[in-house]
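Both counts, for ligands and for their atoms, begin at 1 and track the order of listing.
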Amino acid sequence: MIHGRPWLTLWYVLLLAIILAVFSAGIYLTLRHSLYANLDDSIEARANDLLPLVQYENGRPTLSANIAAASPDLGEQFVRVYDASGAVMFDTSGEAGVLPRDATGVRGALNGKASTGSLKADGEGFRVRIAPLERDGQITGALEVGRAMGDVVDTLTTLVLILAIAYPITLVTASFGGVFLASRALSPIDGLTRLARRITAEDLSQRLNMRLPDDEVGRLARTFDDMIARLEDAFRRQRQFTADASHELRTPLTAIKGQVEVALTRPREPGAYREVLQTVNEQVDRLIRLVGSLLTLARADAGQIPVASESVNLQELVGAAVEQVRAAAGQRGIQLAVEEGPSVTLPADEDLLLQLILNLLDNAIKYTPAGGRVSAGWSIDGGQVELWVRDTGVGIAPEHLPHIFDRFYRVDKARSRAEGGSGLGLSICRWVAEAQGGSISVESTLGQGSTFAVRLPR
Ligand code: ADP
């Protein structure tokens with residue numbers, strides 16, 4: 001019954017016990033106070049009623065006997081009159097006759113001071129009110145009105161009895177209720193624990209899918225589901241990446257193997273071997289590039305590539321990158337231009353940034369037919385610098401745009417491969433941009449050209 005958190009439960013019960021005890025004591029004391037106050041009020045009122053009825057015989061005060069009859073309940077109430085010397089002149093408690101006198105109270109009254117006090121006789125308690133009797137400014141005696149406390153004591157005893165029974169019952173009920181509610185509230189966490197135990201890298205499809213309110217536990221369960229979803233996605237991408245990488249590596253290896261096997265079927269002229277070796281060499285170049293890119297990405301993922309923060313002059317950087325690809329552009333009959341922006345230096349890793357621009361320029365030249373134009377430039381926009389590479393090439397259809405920065409994603413596999421591409425260039429570009437606190441984006445119209453823009457903080 002008590003789940004997992006016995007200390008919590010124990011503290012809860014203890015706290016409840018204290019609250020209940022304070023509450024019960026509060027009820028008892030309040031009721032006791034008001035019952036006694038009522039009793040005192042009633043005897044005082046009765047005394048006040050009787051004071052004007054006092055008569056004098058030989059100068060000594062007394063009450064007429066029919067006052068006794070006027071007393072509603074003799075068993076519970078009595079009236080006594082004393083003369084100035086303290087002698088009893090009139091007494092309705094006579095039947096009992098054993099009621100002691102409150103000597104101090106009487107003396108006080110004879111000195112002019114009314115008081116309320118208690119008396120005890122035969123185990124029965126009385127509250128008494130003693131008031132001075134006055135005539136012509138002289139104290140002539142005292143009037144005493146008493147009333148048994150039996151009713152009050154009975155009521156208080158009953159209350160104590162009720163509280164004594166209700167206290168443990170309430171405590172036990174509330175404790176069990178509390179434990180039950182707590183275990184109900186925490187039961188989703190048990191579900192979470194069980195699910196977490198079941199989940200492995202191979203089976204991330206499981207979800208809690210609990211329909212819970214938006215409270216702490218509900219949010220925890222949903223966050224947990226979201227986390228598994230993200231993990232599942234990450235694992236899926238990882239598997240996809242491994243599969244794609246293996247496939248990419250196998251293609252040039254298969255080509256090499258094919259060439260070599262054909263060459264070995266029979267003896268050939270030295271020129272033929274040379275040709276084969278050339279193709280093999282090209283494929284090996286491709287493999288080296290591919291493995292290089294894979295290594296870059298793997299190290300980038302592992303956070304192993306140090307990102308320097310040097311002062312980079314954009315004019316020099318873009319100029320250098322354009323010079324490096326000028327020969328390739330010329331061979332393909334593509335016009336190459338730098339559109340200079342304002343003079344800016346920004347903190348960045350120069351080598352990585354150069355790699356990024358070269359990748360973009362390479363792509364622009366690869367995917368632009370002869371006669372086209374490729375340009376690079378930069379501009380300042382608020383606290384950011386925008387570096388761009390624009391071409392008038394084949395463009396990219398809208399459905400491909402969201403994916404082209406994904407690893408191994410290529411719009412036209414055959415074309416990319418023929419150009420020596422692996423589909424990793426733009427993934428590396430994105431990593432470089434993000435590693436420097438920036439971002440990369442693309443705008444493109446099919447058949448008209450593309451613009452890649454890198455935004456970097458200044
Ligand atoms: P690849 O090695 O195939 O060039 P990238 O990651 O550099 O790989 O680019 C991914 C894909 O994006 C390319 O295969 C190509 O389809 C598309 N692409 C990249 N740059 C351009 C561009 N300037 N014009 C048209 N398509 C482009």
Side-chain angles (χ1 to χ4, degrees), residues 237 240-241 243-252 255 282-283 285-298 300-301 318 321-322 324-326 328-329 332-339 352-377 386-435 439-454:
R237 276 194 291 190
Q240 184 66 43
F241 180 72
D244 289 345
S246 316
H247 182 77
E248 288 302 321
L249 287 169
R250 204 179 56 184
T251 311
E282 276 166 30
Q283 296 294 340
D285 277 346
R286 226 184 115 177
L287 274 173
I288 290 173
R289 273 201 308 277
L290 178 64
V291 171
S293 298
L294 283 173
L295 207 59
T296 303
L297 281 172
D301 284 348
V318 176
V322 167
Q324 281 198 38
V325 297
R326 192 167 289 286
R332 288 174 172 250
I334 292 169
Q335 195 193 335
L336 194 60
V338 178
E339 285 177 26
L352 289 178
L353 217 51
L354 181 67
Q355 199 57 53
L356 190 163
I357 302 172
L358 279 175
N359 265 347
L360 294 180
L361 285 169
D362 259 350
N363 276 352
I365 292 168
K366 269 194 306 196
Y367 299 105
T368 300
R373 179 186 151 93
V374 169
S375 53
E386 189 177 84
L387 254 172
W388 49 262
V389 172
R390 183 172 298 146
D391 64 61
T392 58
V394 296
I396 304 161
E399 69 266 26
H400 295 297
L401 280 180
H403 306 295
I404 58 163
F405 295 103
D406 292 349
R407 295 174 184 189
F408 293 115
Y409 192 87
R410 288 172 294 193
V411 174
D412 180 344
K413 271 206 165 95
R415 174 170 184 158
S416 159
R417 208 166 275 145
E419 299 280 2
S422 61
L424 292 174
L426 286 180
S427 324
I428 295 176
C429 287
R430 180 168 64 179
W431 172 75
V432 171
E434 287 173 358
S439 62
I440 187 168
S441 61
V442 58
E443 277 174 26
S444 185
T445 312
L446 200 58
Q448 288 189 16
S450 320
T451 303
F452 285 84
V454 181

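Listed by chain and number, residues touching ligand 1 at under 4.0 Å (heavy atoms only) are Asn363, Ala364, Lys366, Tyr367, Asp391, Val394, Gly395, Ile396, Ile404, Tyr409, Arg410, Val411, Ser416, Gly421, Ser422, Gly423, Leu424, Gly425, Leu426, Ser450, Phe452.
Between the side chain of Thr392 and the backbone N or O of Arg373 there is at least one donor-acceptor pair closer than 3.5 Å. A side-chain donor-acceptor contact under 3.5 Å links Arg410 to the backbone of Gly421.
Atom CG of Leu360 sits about 4.5 Å away from atom SG of Cys429, to the nearest 0.5 Å.
In this structure, the side chains of Val291 and Leu249 come closer than 4.5 Å at one or more pairs of heavy atoms. Side-chain contact between Leu290 and Leu424 is present, with at least one heavy-atom pair separated by less than 4.5 Å.
Using a 30° and 60° split on the angle between ring planes, Phe405 and Phe452 fall in the perpendicular class, above 60°.
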